[in-house]
Amino acid sequence: MSENEQSHETASPEAAADEDAADEGNSSGMIAPRDFDIPYRFEVTAKSNDLHAKYGDLEDGAETGDIVSVAGRLMLKRGQGKIVFGVLQDGGGRVQIFAQAKTTPDFEGFSKLMLGDWIGVTGEVIKTRRGELSIRPNEWTVLAATRRAFPDKWHGISDPDTRYRQRYVDMWVSEESNAALRNRSRIMSLTRRWLEDREFMEVETPIFHGIASGAMARPFTTHHNALDMDLFLRIAPELYLKRLTVGGFEKVFEIGRVFRNEGISTRHNPEFTMLELYWAYADYNDVMELVEQLVSYLAMEILGTTTITYDERELNLAAPWKRATMTDLIAEHTGLELSVDMDRDELAAIAEEQGVDVKNHYGTGKLILEIYEKTTEAQIWGPVFVTDYPKEVSPLSRDHRSEPGLTERFEAIVAGRELCNAFSELTDPDEQLARFQGQEADREAGDAEAMGMDLDYIRALEYGLPPTGGLGIGMDRLVMLLTGSTTIRDVVLFPTLRPEQGDISPVASQLGADDSGDTAPGSQT
RNA sequence: GCGCCUCUAGCUCAAUUGGCAGAGCAUCGGACUCUUAAUCCGCAGGUUCCGGGUUCAAGUCCCGGGGGGCGUACCA
């Protein structure tokens with residue numbers, strides 16, 4: 001690139017003499033428009049963290065003669081008369097800009113930059129006498145002039161509402177937010193590569209489903225006009241992925257958004273990211289090994305260790321993880337020896353004693369699950385593979401090879417929370433049909449989350465599904481674990497919130513009052 | 001859904017029993033050639049979330065509404 005493209009002796013910002021705008025600057029946090037020539041591109045040759053890595057050992061006062069171009073946001077500024085110290089933050093970190101009056105073009109303009117302005121700086125890598133690695137600008141240019149005051153340079157934003165609504169600011173002023181969100185991206189990327197290295201193939205299945213099935217949850221409903229039909233946003237990709245196994249894709253996975261119309265909490269966002277994986281010829285034991293290896297690999301890559309601290313407690317993610325059956329864990333935590341073969345009413349009485357709200361249609365399997373969730377699950381720090389779930393609560397899992405009434409299903413519990421759900425898949429169409437019918441009965445008994453009957457899926461099974469191990473991992477929760485986040489909103493870029501009311505943008509308010517109300521973009525079709 | 005908590009300047013926070021709405025940072029003006037949240041001097045900045053009520057007087061108390069947080073229920 002030529003010098004002309006990125007460098008112009010920056011025009012002094014002619015603050016608009018508009019008095020309204022000036023008033024705004026004080027009362028609303030708005031900054032009057034400033035007049036800069038903004039280039040169309042800027043050639044960056046160095047990132048701050050690379051500079052620290054390369055030049056960290058320079059002696060105080062050293063000059064390198066090396067010219068670099070950096071770009072980012074001006075986060076701090078310290079005027080010192082004929083020197084201005086700026087701190088530029090880019091995608092990697094921060095580096096100081098050492099601007100002297102005698103060497104800096106338009107020094108006056110530089111000293112008037114606002115915190116939050118984007119700038120591009122070209123200059124020599126030096127270390128100041130006081131030992132701070134710096135760029136001494138030969139050229140600089142504004143890349144974006146902020147129209148809004150940045151948050152407190154020390155405290156940042158603490159109001160959670162503002163952090164989630166204005167993530168684009170939170171990301172700059174909260175290092176923890178920034179790191180967690182970047183690590184989320186790395187975890188997704190590492191997971192994909194790890195699976196691809198094991199010959200799993202990534203696929204994309206429909207998000208619009210005619211039937212809400214594959215999990216137990218309330219769906220979101222929408223409508224397609226041309227087909228004049230209601231559709232559900234998927235609650236799980238499971239049944240489509242197993243159709244692909246029927247179709248001969250032996251190792252498939254999907255990482256995608258699923259939608260559940262349920263409560264919002266520190267562990268729940270209405271849309272969240274699920275990894276599902278199907279592995280022909282494998283069983284749930286194979287899947288357990290895969291999970292513990294994947295998670296310990298990710299911990300090593302992200303944190304450099306498998307011994308992590310979460311919620312102030314230590315957690316060892318190194319493989320292999322403990323395996324224990326649900327009933328053994330209940331016995332361990334409560335002393336209760338339970339079995340799906342017990343008398344239903346006897347079990348119901350025990351469940352009531354444990355505080356379970358027993359419904360009439362609950363069988364022994366559902367009662368055991370309820371007792372487990374009430375007494376045991378949250379107590380498990382883990383990681384533990386909880387195995388052998390009752391058949392009654394596992395409509396897609398294959399019967400246990402040796403334990404009647406149970407299935408070959410497991411969940412991994414880490415820090416008292418479900419991290420994944422997996423099983424040896426049910427492959428028999430007659431049995432699957434019977435399980436769906438059981439779900440229909442539950443629905444009629446008032447269970448709004450019962451699984452929908454999917455006859456095309458039954459037809460697919462009629463063509464033959466080989467033995468298959470399947471897995472679903474809540475990726476948001478995995479990211480929480482590996483980033484130390486105790487709320488899912490800290491690992492979701494834009495968590496679901498109620499829409500904001502009122503005057504959000506003074507810039508938009510300049511539009512005619514008639515235009516600003518209910519005419520949302522896209523509302524006309 | 002329900003319960004508890006919370007909302008004050010652009011940001012972070014004060015304001016005693018109900019008694020003149022304040023500070024730091026940012027902004028604006030000034031000083032300063034090695035700062036590190038620079039420092040120093042000065043100016044300005046408010047629908048105390050919204051709407052009612054009680055009171056001589058409401059940021060504060062009461063009622064209703066809204067946003068958010070936490071817990072709980074459902075769930076991953």
Side-chain angles (χ1 to χ4, degrees), chain A residues 15 22-32 60-61 75-87 94 96-104 107 111-112 114-116 126-134 136 146-166 169-170 173 215-218 235-236 258-276 357 370 373-374 377 411-414 417-421 447-449 472-478 480 486-489 495 497-503 506:
Chain A
D23 285 350
E24 254 181 351
N26 279 331
S27 65
S28 69
M30 295 303 291
I31 294 162
D60 295 355
M75 299 302 285
L76 295 172
K77 198 179 69 178
R78 297 179 285 272
Q80 184 70 48
K82 295 294 200 302
I83 301 179
V84 169
F85 300 89
V87 174
R94 292 179 168 195
Q96 179 167 271
I97 308 301
F98 178 81
Q100 291 168 295
K102 64 181 177 190
T103 60
T104 304
F107 176 76
S111 66
K112 286 187 170 167
M114 306 287 287
L115 300 190
I126 63 159
K127 204 159 211 180
T128 60
R129 279 182 230 152
R130 298 291 290 270
E132 185 69 37
L133 186 71
S134 305
R136 185 167 57 200
T146 183
R147 294 279 294 278
R148 285 180 182 263
F150 243 54
D152 189 285
K153 62 191 175 189
W154 184 244
H155 299 98
I157 304 174
S158 66
D159 177 23
D161 190 27
T162 310
R163 286 188 48 221
Y164 302 137
R165 288 194 197 281
Q166 301 185 41
V169 183
D170 180 46
V173 300
M216 297 197 223
R218 291 178 194 231
I235 56 175
V258 298
F259 308 86
R260 299 189 183 179
N261 203 341
E262 287 164 353
I264 294 178
S265 78
T266 50
R267 292 174 286 282
H268 302 268
N269 199 56
E271 51 177 311
F272 64 100
T273 299
M274 180 100 99
L275 161 64
E276 283 205 13
D357 181 16
E370 290 287 325
E373 289 180 348
K374 199 85 185 176
E377 188 177 76
E411 291 190 356
I413 304 298
V414 186
R417 291 156 194 181
E418 178 186 340
L419 180 69
C420 73
N421 184 17
D447 184 351
E449 283 150 11
I473 296 185
M475 292 302 285
D476 309 86
R477 290 192 178 174
L478 179 58
M480 286 171 68
T486 52
T487 166
I488 195 170
R489 296 184 197 94
L497 297 170
R498 283 199 166 85
E500 227 169 332
Q501 304 291 321
D503 225 3

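All figures in this text were calculated on a predicted structure; none of them were measured in a lab.
An OP1 or OP2 oxygen of B/rG69 is reached within less than 4.0 angstrom by a side-chain nitrogen or oxygen of A/Arg489. Taking 4.0 angstrom as the limit, A/Lys153 places a side-chain polar atom (N or O) nearer than this to OP1 or OP2 of B/rA26. Using a 4.0 Å cut-off, some side-chain N or O of A/Ser158 falls inside it from OP1 or OP2 of B/rC13. Taking side-chain N and O atoms only, A/Arg498 has a distance below 4.0 Å to OP1 or OP2 of B/rG67. Distances shorter than 4.0 Å separate some side-chain N or O of A/Arg165 from OP1 or OP2 on B/rG68.
To the nearest angstrom, P of B/rU36 lies 18 Å from CE of A/Met75. Following rounding to the nearest Å, A/Arg78 (CZ) and B/rC40 (C1') show an atom-to-atom distance of 17 Å. As a whole-Å value, the separation of A/Phe150 CZ from B/rU27 P is 13 Å. Going from atom CZ of A/Phe85 over to atom P of B/rC32 covers 15 Å, rounded to whole Å. Rounded to an integer number of Å, the gap from A/Lys102 NZ to B/rC34 C1' is 12 Å. Regarding A/Gln96, its CD atom lies at a distance of 11 Å from the P atom of B/rA37, rounded to whole Å. Distance, A/Glu132 CD to B/rA38 C1': 13 Å, rounded to whole Å. Distance, A/Leu76 CG to B/rU27 P: 11 Å, rounded to whole Å.
A donor-acceptor contact shorter than 3.5 Å is absent between the side chain of A/Ser134 and the backbone of A/Arg136. With hydrogens and angles disregarded, no donor-acceptor distance shorter than 3.5 Å links the side chain of A/Arg218 to the backbone of A/Asn261.
Searching all strands for a Watson-Crick or G-U wobble partner of B/rC56 with both distances below 3.5 Å returns B/rG19. Under the Watson-Crick or G-U wobble criterion, with both distances below 3.5 Å, B/rG51 is paired with B/rC63. As the counterpart of B/rU72, B/rG1 is assigned, both hydrogen-bonding distances of the Watson-Crick or G-U wobble pattern falling under 3.5 Å.
Counting only heavy atoms from C-beta on, A/Pro160 has its side chain closest to B/rG69 among B/rU36, B/rA26, B/rG69. The side chain of A/Tyr164 lies closest to B/rG69, out of B/rA38, B/rA26, B/rG69. The side chain of A/Leu115 approaches B/rA26 more closely than any other nucleotide in the set B/rG68, B/rC74, B/rA26. Among the nucleotides B/rU27, B/rU36, B/rA73, the one closest to any side-chain atom of A/Lys77 is B/rU27. Of the listed nucleotides (B/rG67, B/rC34, B/rU36), B/rG67 has the atom at the smallest distance from the side chain of A/Asp161.
Residue contacts shown for A/Lys127 are absent, as no nucleic acid heavy atom lies under 4.0 Å away. Within the nucleic acid shown, A/Glu418 comes within 4.0 Å of sugar-phosphate atoms alone, with no base atom in reach, counting heavy atoms only. Using a 4.0 Å heavy-atom distance criterion, A/Met114 is classed as a sugar-phosphate-only contact. Counting non-hydrogen atoms under 4.0 angstrom, A/Asn269 reaches a base of the nucleic acid. No engagement by A/Gly474 is indicated, since no non-hydrogen atom pair under 4.0 Å with the nucleic acid exists. Nucleic acid contact class of A/Asp159 (heavy atoms, under 4.0 Å, all strands): sugar-phosphate only. Residue contacts shown for A/Glu449 are limited to sugar-phosphate atoms, with no base heavy atom under 4.0 Å away. Counting non-hydrogen atoms under 4.0 angstrom, A/Thr128 reaches a base of the nucleic acid. Backbone-only contact: A/Gly156 has heavy atoms under 4.0 Å from sugar-phosphate atoms and none from a base. Heavy atoms of A/Thr266 sit under 4.0 angstrom from primed sugar atoms or phosphate atoms, though from no base atom. If you check every strand for non-hydrogen atoms under 4.0 Å, A/Ile83 touches a base. Residue contacts shown for A/Arg267 include a base, since a base heavy atom lies under 4.0 Å away.
Nucleotides B/rC11 and B/rG3 have their P atoms positioned 30 Å apart, rounded to a whole Å. Taking atom C1' on both B/rG24 and B/rU39, the two are 14 Å apart, rounded to the nearest angstrom. One C1' atom belongs to B/rU8, the other to B/rC13, and the distance between them is 9 Å to the nearest Å. Using atom C1' as the reference point in both B/rG18 and B/rU36, the two lie 46 Å apart (nearest Å). For B/rC32 and B/rG59, the C1' atoms lie 41 Å apart once the distance is rounded to whole Å. Between the C1' atoms of B/rU16 and B/rA9, the separation comes to 23 Å (whole Å). The separation of B/rU54 from B/rC20, taken at their C1' atoms, amounts to 22 Å, rounded to a whole angstrom. With both ends at atom P, the span from B/rA44 to B/rC7 equals 29 Å, rounded to whole Å.
Nearest-nucleotide positions on RNA chain B for A/Glu411 and A/Ile264 put A/Ile264 closer to the 5' end. Positionally, the nearest nucleotide of RNA chain B for A/Thr162 lies more toward the 5' end than for the other of A/Arg129 and A/Thr162.
To the nearest 0.5 Å, the span separating CE on A/Met75 from CZ on A/Arg94 amounts to 5.0 Å. Here the straight-line distance linking atom OG1 of A/Thr266 with atom CZ of A/Arg489 works out to 7.0 Å at 0.5 Å rounding. Taking CD1 from A/Ile488 and CZ from A/Arg267, the interatomic distance works out to 10.0 Å, rounded to the nearest 0.5 Å. Rounding to the nearest 0.5 Å places CG of A/Asp60 at 7.0 Å from OG1 of A/Thr128.
Using a 4.5 Å heavy-atom threshold, the side chains of A/Val169 and A/Ile157 count as touching. Under the 4.5 Å side-chain criterion, counting only non-hydrogen atoms from C-beta, A/Ile473 is not in contact with A/Met274.
Minimum interatomic distance between A/Phe150 and A/Leu115 (heavy atoms only, all atoms of both residues): CB-O, 4.0 Å. Heavy-atom minimum distance, A/Ser111 versus A/Lys77: O-NZ, 2.8 Å. Scanning all heavy atoms of the two residues, the minimum distance from A/Glu418 to A/Ile413 falls at CA-CD1, 3.8 Å.
Side-chain atoms of A/Gln80 stay outside donor-acceptor range of the base of B/rU33, with no qualifying N/O pair under 3.5 Å.
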Anything under 3.5 Å between a protein N or O and an N or O of nucleotides 21-24 of chain B, put it in a table, one pair a line.
{"unit_1": "B/rG24", "atom_1": "N2", "unit_2": "A/Asp152", "atom_2": "OD2", "d": "2.8"}

